[in-house]
There are 2 protein chains.
Amino acid sequence: MTMQSAIDQRVSLAVSTVIFALRPHPESGLMTLWLPLVRRIREPYEGQWALPGGPLEADEDLAASARHTLERTTGLTPNYLEQLYAFGSLDRSPDDRVVSIVYWALVQPDEVARAVDGENVEWFVADELPPLAFDHTEIVDYALARLRAKITYTPIAHGFLPREFTLAELRAVHEAVLRTHLDPANFRRQALASKTLVPTGTCLQGTSHRPPALFRFEAGPPSNAPEERR
Amino acid sequence: MTMQSAIDQRVSLAVSTVIFALRPHPESGLMTLWLPLVRRIREPYEGQWALPGGPLEADEDLAASARHTLERTTGLTPNYLEQLYAFGSLDRSPDDRVVSIVYWALVQPDEVARAVDGENVEWFVADELPPLAFDHTEIVDYALARLRAKITYTPIAHGFLPREFTLAELRAVHEAVLRTHLDPANFRRQALASKTLVPTGTCLQGTSHRPPALFRFEAGPPSNAPEERR
DNA sequence: GCGACTTAGGGTTGACATGACTTTAAGGGG
DNA sequence: CCCCTTAAAGTCATGTCAACCCTAAGTCGC
């Protein structure tokens, strides 16, 4: 009945984040989903790869804690951040009892370019991850499912893109995330029908073809809900 | 970088649940959404209504904790339980820092019949709630939005129904939750198209009209994800 | 300047889902 | 036997969406 501290019973509370970014695959050249992992520097799972995360500080919001830890461990500033799920199984950490509130984030390409691989940070292709510490593999799978589901009915793709972009770039994001081919004409139609795109003039480029139009995302009405879901 | 205890910094972890049930409105007789609230017996917000909840015990799963607290405070056993969101704003509790992992649940009518209003438990119409303690009004609003969204694309309505039911009863659940009128014929079509309903013979009743067929929900393939969302 | 090439962007068609509505089936009561 | 009520099936117009084709607008090579 009491709302008192669970803390006396040795339950610790952590905030972790699954970070997604898009960049070309070094071999195939195809746009691919990548995510950064950090190497654990202590037991348990010392030396293994894991999601960036850390304990929730008493003076931090949940989202603020996610942002803070991200900045500290990977140097990245997310362009989109949303709570994913709270994981609290009894056996997810061998010794302690840890409840992790997990966020997922999208970062723009230029952010990725700045954040080079450090000694304890490395980028991996989302579908070819090494074995991860704790239940982090399951968490990443869940985050991937959420990302793939959500990109089909909300305009989160802008989280991967700079402020201005062409429809071909936007489509490339969808194709990379969903690993499918999308019809350019149909994609254009439904992208424009969503009323969240604003034309920003045409792209003045030097390649040998018709220059595409540029767009920006128009922020819809601000949502008061914690995060919009469906 | 450490996954160590946030507990030393006085962050307590609670698990609360928004419980939904369906029963006829005493005046209009219409099927309505109700939810039970518990009266707070200590500061802060002493005497005010709040969601049932309690601290997370070290030996309990998150969902198990929700179930446990539900049983203890309201005597209810939910027919459906899903994690809603983790609320962790700094100002949601006046004194302490509390992070609440909130679940939402559906209970069957017979369960509601058993759980009478106690001294500290009372049922309210979901759209006419009294002022609630903490940020619980916001939480209920969010849970309501999730319920209304999810009932349109998943067969959670069975959480409100006994094992066997008629299509008219199923439709009544949807109409009560969404507060709309649904065309019986069209509703039947898309309910049967979803392939989750199994006919169980016809209802042998004594009312003066054609007896309706009975159905059961067929459990689809088990989902490995924490909880299916979209 | 002219045709070839490449990508942008618009139009058409057919399959399928949805909403409004009509018709038939099955029971009970006067 | 007629009438009433609800279940359940059928009809039809409309809208949506994927697949496909076609034209527009640039650059490059000659």
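Lettering follows sequence order; numbering is per chain, from 1. The figures that follow rest on heavy atoms only: side chains count, while hydrogens, waters and symmetry mates do not.
Relative ring orientation between Y80(A) and H158(A) is described as perpendicular, the plane-to-plane angle rising above 60° on a 0-90° scale split at 30° and 60°.
Taking the C1' atoms of five terminal pairs at each end of the helix from dG1(C)-dC30(D) to dG30(C)-dC1(D), the two resulting helix axes are inclined by 20°, rounded to 10°.
Under the salt bridge (Lys or Arg N to Asp or Glu O under 4.0 Å) criterion, R188(A) pairs with no residue at all, not counting sequence neighbours. Residues satisfying the ring-ring contact (aromatic ring centres under 6.0 Å, His included) test with W49(B), not counting sequence neighbours, are F124(B). Taking F165(A) as the reference, F217(A) meet the ring-ring contact (aromatic ring centres under 6.0 Å, His included) condition, with sequence neighbours excluded. Taking D127(A) as the reference, R148(A), R179(A) meet the salt bridge (Lys or Arg N to Asp or Glu O under 4.0 Å) condition, with sequence neighbours excluded.
The CD-C1' distance, from Q190(A) to dG15(D), rounds to 15 Å in whole Å. H181(B) places its NE2 atom 10 Å from the P atom of dC21(C), with the value rounded to the nearest Å.
Checked against T32(B) for a side-chain contact (heavy atoms from CB on, under 4.5 Å), the options V177(B), L22(B), V125(B) give a single hit: V125(B).
From E82(B), atom CD reaches atom CG of L84(B) across 8.0 Å, with rounding to the nearest 0.5 Å.
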| query | If the sugar-phosphate is the primed atoms plus P, OP1 and OP2 and the base is the rest, what is the B/S/- string for nucleotides 1-11 of chain D, using protein heavy atoms under 4.0 Å? | reply | ----BBBSBBB

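With hydrogens and angles left out, the side-chain atoms of T200(A) and R163(A) include no donor and acceptor closer than 3.5 Å.
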